[in-house]
Protein chains: 2
Amino acid sequence: MTRENSRTPTEAELRILKVLWRKGPATARGVLEILEDQAGGKVGYTTVLKMLQIMEKKELVSVDRSERSHVYSPRVAETPTLRQAVSEFVDRTFGGDPAGLLVHLVRDGRLDERSLEELERSIELLRRSEEEQEDR
Amino acid sequence: MTRENSRTPTEAELRILKVLWRKGPATARGVLEILEDQAGGKVGYTTVLKMLQIMEKKELVSVDRSERSHVYSPRVAETPTLRQAVSEFVDRTFGGDPAGLLVHLVRDGRLDERSLEELERSIELLRRSEEEQEDR
DNA sequence: GCTTTCGTACTACGACCGTCGTAGAAAGGG
DNA sequence: CCCTTTCTACGACGGTCGTAGTACGAAAGC
């Protein structure tokens with residue numbers, strides 16, 4: 001399977017993107033430091049740098065080379081990226097039908113009350129937007 | 001990262017497992033035929049065979065070699081496998097918090113009205129069961 | 001019996017993934 | 001000016017993934 005050009009970021013790429021989404025533009029060292037903080041992740045500096053360079057090639061990040069320390073910024077937004085990841089996962093794992101996934105999720109008991117409320121809000125929002133479409 | 005020994009099946013492995021879950025024990029050719037039926041998937045016979053052999057090594061399937069044509073059976077059950085896949089995905093993509101995933105799912109507009117209603121029912125059910133626990 | 005068909009075993013390959021080592025440029029301190 | 005630190009660039013490596021070619025034996029057909 002000739003790897004499709006636009007796939008979801010890999011695991012390591014996503015870890016880095018999350019840092020950039022939270023912190024905004026950062027240098028390789030900046031990303032490294034945050035990565036090291038979280039959950040015993042010992043990574044080499046050059047590893048992070050290489051990752052960022054690869055991600056630039058994939059157009060996941062942009063880079064400002066005007067200073068000696070290059071500054072990387074996310075080039076993809078969080079929401080669509082995650083949306084695509086979900087969509088791909090649903091396709092691969094549940095043949096494109098989200099219902100099965102939902103059953104697993106809700107039954108897992110990992111949702112707290114706040115999450116449930118937000119979920120209900122989302123449902124209402126979706127219903128309303130669909131009504132609008134029908135009214136047209 | 002020394003790949004953990006018990007990870008979720010890969011994409012191709014999952015495709016094959018799905019066949020075995022639906023059809024029960026099958027030969028390499030049997031699996032191939034079903035795979036070819038669905039969605040223009042042209043695969044080589046030896047590819048499927050190799051996959052099955054790898055999956056045996058990973059203990060995803062068991063094999064009966066008493067006949068010339070080896071017969072493969074799934075060795076992992078569907079529900080826990082999918083559950084694990086979901087869990088891994090939630091960890092990787094949403095840092096272990098399923099709420100974000102749900103929001104994406106709902107917003108994706110891939111859920112029809114029936115699914116939404118079922119989801120709401122599940123939420124209510126979950127709330128009630130949690131109340132019970134608190135009452136104890 | 002001889003040939004054609006069908007099955008498994010073995011090997012390989014290209015792509016990607018995550019990880020670094022090392023080399024060399026650049027900046028800054030003394 | 002030289003030395004140390006701090007960057008980037010380049011290349012490599014061990015692993016997995018998906019795919020398949022080829023070899024060879026066993027079975028089946030004639």
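What you see is a predicted model, and the numbers here were worked out from it, not measured in a lab. Below, chains carry the letters A, B, ... as their sequence lines are ordered, and counting in each starts from 1.
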Does [X] have any side chain to side chain contact (heavy atoms under 4.5 Å, CB included) partners at least two apart in sequence or in another chain, and if so, which?
{"X": "B/Thr93", "result": "A/Leu14, A/Leu82, A/Ala85, B/Phe89"}
{"X": "B/Arg114", "result": "B/Asp112"}
{"X": "B/Lys50", "result": "B/Gln53, B/Ile54"}

Side chain to side chain donor-acceptor pair (under 3.5 Å): pairs with one or both residues in [range], sequence neighbours excluded:
{"range": "residues 24-33 of chain A", "value": "none"}
{"range": "residues 117-128 of chain A", "value": "A/Glu120-B/Arg127, A/Glu124-A/Arg127, A/Arg127-B/Glu113, A/Arg127-B/Glu120"}
{"range": "residues 69-79 of chain A", "value": "A/Arg65-A/His70"}

Starting from [atom2] on [N], measure out to [atom1] on [X] and report it in whole angstrom.
{"X": "B/Arg29", "N": "C/dT5", "atom1": "CZ", "atom2": "P", "result": "13 Å"}
{"X": "B/Ile54", "N": "D/dT19", "atom1": "CD1", "atom2": "P", "result": "11 Å"}
{"X": "A/Leu49", "N": "D/dA12", "atom1": "CG", "atom2": "C1'", "result": "16 Å"}
{"X": "A/Gln53", "N": "C/dG18", "atom1": "CD", "atom2": "P", "result": "16 Å"}
{"X": "B/Met51", "N": "D/dG21", "atom1": "CE", "atom2": "P", "result": "15 Å"}
{"X": "B/Arg92", "N": "C/dC17", "atom1": "CZ", "atom2": "C1'", "result": "13 Å"}
{"X": "B/Glu36", "N": "D/dT19", "atom1": "CD", "atom2": "P", "result": "12 Å"}
{"X": "A/Met55", "N": "C/dG18", "atom1": "CE", "atom2": "C1'", "result": "13 Å"}

Sequence-distant partners of [X], salt bridge (Lys or Arg N to Asp or Glu O under 4.0 Å), two or more places apart:
{"X": "B/Asp97", "result": "none"}
{"X": "B/Lys58", "result": "B/Glu13"}
{"X": "A/Asp64", "result": "none"}

Distance (rounded to the nearest 0.5 Å) between A/Leu35 CG and A/Arg15 CZ
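The CG atom of A/Leu35 sits 6.5 Å away from the CZ atom of A/Arg15.
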
Any chance you could measure A/Phe94, atom CZ, to A/Leu101, atom CG, to the nearest 0.5 Å?
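Reported to 0.5 Å precision, the distance equals 5.0 Å.
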
Would you say C/dG18 has OP1 or OP2 under 4.0 Å from some side-chain N or O of A/Thr10?
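Answer is yes, contact under 4.0 Å.
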
Using five pairs at each end of the helix from C/dG1-D/dC30 to C/dG30-D/dC1 to define an axis, what is the angle between those two axes, to 10°?
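Terminal axis comparison yields 20°.
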
Between protein and nucleotides 20-23 of chain C, what N or O pairs are separated by less than 3.5 Å?
{"residue": "C/dC20", "atom": "OP2", "partner": "A/Gly44", "partner atom": "N", "Å": "3.0"}
{"residue": "C/dC20", "atom": "OP2", "partner": "A/Thr47", "partner atom": "OG1", "Å": "2.9"}

Any residue in residues 58-69 of chain B with a heavy atom nearer than 4.0 angstrom to DNA chain D? Just list them by number, or reply none.
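Under 4.0 Å from DNA chain D: B/Lys58, B/Arg68.
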
Looking only at side-chain atoms of A/His70, point me to the closest of D/dA9, C/dT19, C/dT8.
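Among the listed nucleotides, the one closest to the side chain of A/His70 is D/dA9.
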
